[in-house]
Amino acid sequence: MKTTLVALALGLCSLTALAANPHVALKTSQGTVEVELYPEQAPKTVANFTQYVKDGFYDGTLFHRVIDGFMVQGGGFDRTFKEKPTRASIPNEANNGLKNEPGTLAMARTSDPNSASAQFFINVADNAFLNYRAPTTQGYGYAVFGRVVKGMDVVNRIAKSRTTRQGMYQDVPATPVLIEKATLLP
């Protein structure tokens, strides 16, 4: 009886842990990508990202930078390639043990380690050089906060898009790749 109760309790804990991680569906013009977010490792980043999702911010934005063998980046520009206004930047949570491995979701930022706001990228390769190494401008890295759990084939298809230049931006898909809708899943 005790063994059964312990096994049941462990099973419920496992289900609770699985249920605790939010999932977001990114419906794109190339197909749907589902990501699992890790609030335990990156609480501020996940709260920031999910708030943008709830606000509908990502709906109608582009994957505006794609580099096959590296990553696909989106969440900052509308269909007309106009940058969307964002909330304040968030602190960099790259020192959380998560790595920039294929299929992981990370925050895009400028050279300032604490400048991430809305833009994110999905790694399509092992990008260890983007991982946290030290609390310095060069070593801070890029905060991983989730992982693709469905639709990595869609991400890889986006990564293989033919690219061009648009104004001062390089690696822009020649045929726009739109995030039609971002939805927090129940």
Side-chain angles (χ1 to χ4, degrees), residues 22-37 42 44-94 100 102-125 127 130 141-185:
H23 285 228
V24 170
L26 301 171
K27 182 177 181 263
T28 79
S29 53
Q30 297 288 318
T32 300
V33 177
E34 184 178 330
V35 294
E36 177 182 16
L37 306 178
K44 292 176 181 165
T45 308
V46 169
N48 177 67
F49 184 79
T50 55
Q51 190 59 56
Y52 277 117
V53 170
K54 290 175 187 175
D55 292 345
F57 179 89
Y58 294 122
D59 300 355
T61 61
L62 297 167
F63 274 106
H64 65 275
R65 182 173 176 233
V66 304
I67 303 172
D68 192 22
F70 179 36
M71 60 87 225
V72 301
Q73 180 177 339
F77 293 86
D78 69 14
R79 304 170 192 257
T80 65
F81 221 84
K82 181 179 175 201
E83 192 164 8
K84 293 184 75 169
T86 62
R87 295 189 308 272
S89 300
I90 58 170
N92 190 324
E93 295 180 306
N100 283 278
T104 57
L105 188 68
M107 290 305 294
R109 62 174 177 79
T110 66
S111 59
D112 174 358
N114 295 299
S115 62
S117 57
Q119 290 187 37
F120 63 91
F121 61 93
I122 302 171
N123 290 291
V124 296
N127 293 317
L130 298 178
Y142 292 75
V144 172
F145 66 100
R147 175 177 298 281
V148 174
V149 292
K150 291 182 188 166
M152 194 61 196
D153 58 322
V154 174
V155 174
N156 288 324
R157 192 165 46 250
I158 294 168
K160 294 196 178 308
S161 298
R162 188 176 63 79
T163 60
T164 188
R165 244 187 121 73
Q166 175 135 353
M168 63 185 229
Y169 299 99
Q170 298 181 141
D171 307 309
V172 177
T175 300
V177 179
L178 195 64
I179 299 171
E180 297 169 351
K181 182 104 179 120
T183 308
L184 192 57
L185 299 175

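Start at 1 with the first residue, then count along the sequence. Values reported hereafter were calculated over all heavy atoms of this structure, with side chains retained and with hydrogens, waters and symmetry mates removed.
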Worksheet, complete the sentence: To the nearest 0.5 Å, atom CZ of Arg79 lies from atom OG1 of Thr61 at 9.5 Å

Worksheet item: With side chains defined as the heavy atoms from C-beta onward, is the minimum distance between Gln119 and Glu83 less than 4.5 Å?
Response: yes

Item to complete: Can you sort out the partners of Tyr58 under ring pair (Phe, Tyr, Trp, His ring centres under 6.0 Å), two or more places apart, ordered by chain and number?
Response: Phe49, Tyr52, Phe120

Discussion item. List the residues meeting salt bridge (charged side-chain N to carboxylate O under 4.0 Å, His left out) with Asp112, not counting sequence neighbours, and say none if there are none.
Written reply: none

Practice prompt. Drop me the distance from Leu37's CG to Leu184's CG, to the nearest 0.5 angstrom.
Written response: 7.5 Å

Item to complete: Determine the minimum heavy-atom distance between Ala108 and Ala116, stating which atoms define it.
Response: O-CB, 3.3 Å

Item to complete: Kindly say whether Ala182 contributes a backbone atom to a donor-acceptor pair with the side chain of Asp59 at under 3.5 angstrom?
Response: yes

Worksheet item: Would you call Asn48 and Arg87 a side-chain contact if the rule is heavy atoms closer than 4.5 Å?
Response: yes

Item to complete: May I ask you to test the Asn100-Met71 pair for a side-chain heavy-atom distance under 4.5 Å?
Response: no

Worksheet item: Is there side-chain contact between Ser29 and Glu180, with heavy atoms separated by less than 4.5 Å?
Response: yes

Response to the item:
Shortest non-hydrogen pair, Gly75 vs Ala118, comes out as O-CB, 3.8 Å

Discussion item. Check this for me: Lys84, atom NZ, are more than 12 non-hydrogen atoms of other residues, nucleotides or ligands nearer than 6.0 Å?
Written reply: yes

Fill in: Pairwise distance CZ(Arg109) to OH(Tyr142) - rounded to 0.5 angstrom
4.0 Å

Worksheet, complete the sentence: Taken in chain and number order and not counting sequence neighbours, the residues that satisfy salt bridge (charged side-chain N to carboxylate O under 4.0 Å, His left out) with Asp78 are none

Worksheet item: Is there a side-chain contact between Phe145 and Met107 (heavy atoms, below 4.5 Å)?
Response: yes

Practice prompt. Please tell me if the side chains of Phe77 and Arg65 come closer than 4.5 Å, counting only heavy atoms from C-beta onward.
Written response: no

Worksheet item: Can you tell me how far CG of Leu185 sits from CD of Glu36, rounded to the nearest 0.5 angstrom?
Response: 11.5 Å

Worksheet, complete the sentence: Value for OG1 (Thr86) from CZ (Phe57), rounded to nearest 0.5 Å, stands at 6.0 Å

Worksheet item: What's the shortest heavy-atom distance between Thr32 and Ala25, and which atoms?
Response: CG2-CB, 4.2 Å

Worksheet entry | Heavy-atom pair with the smallest gap, counting every atom of Asn92 and Ala143 | OD1-CB, 3.8 Å

Worksheet item: Of the non-hydrogen atoms in Val46 and Pro22, which two are nearest, and what is the gap between them?
Response: CG1-CG, 4.2 Å

Please list every donor-acceptor pair under 3.5 Å in which a side-chain atom of residues 165-179 meets a protein atom from a residue at least two apart or in another chain.
residue	atom	partner	partner atom	Å
Arg165	NH1	Gln170	OE1	3.0

Discussion item. Quick check on side-chain contact (heavy atoms from CB on, under 4.5 Å): which of Thr45, Thr104, Leu130, Asn127 does Val144 satisfy it with?
Written reply: Thr104

Worksheet entry | Under 3.5 Å side-chain donor-acceptor pair for Ser89 and Asn114 | no

Would you mind writing out the side-chain donor-acceptor pairs for residues 148-158 within the sub-3.5 Å range, not counting sequence neighbours?
residue	atom	partner	partner atom	Å
Asn156	ND2	Met152	O	3.3
Arg157	NH2	Gln30	O	2.7

Fill in: salt bridge (charged side-chain N to carboxylate O under 4.0 Å, His left out) involving Lys54 - partner list, sequence neighbours excluded
none

Worksheet, complete the sentence: Minimal heavy-atom distance between Gly69 and Ala125, with the atoms involved, is O-CB, 3.2 Å

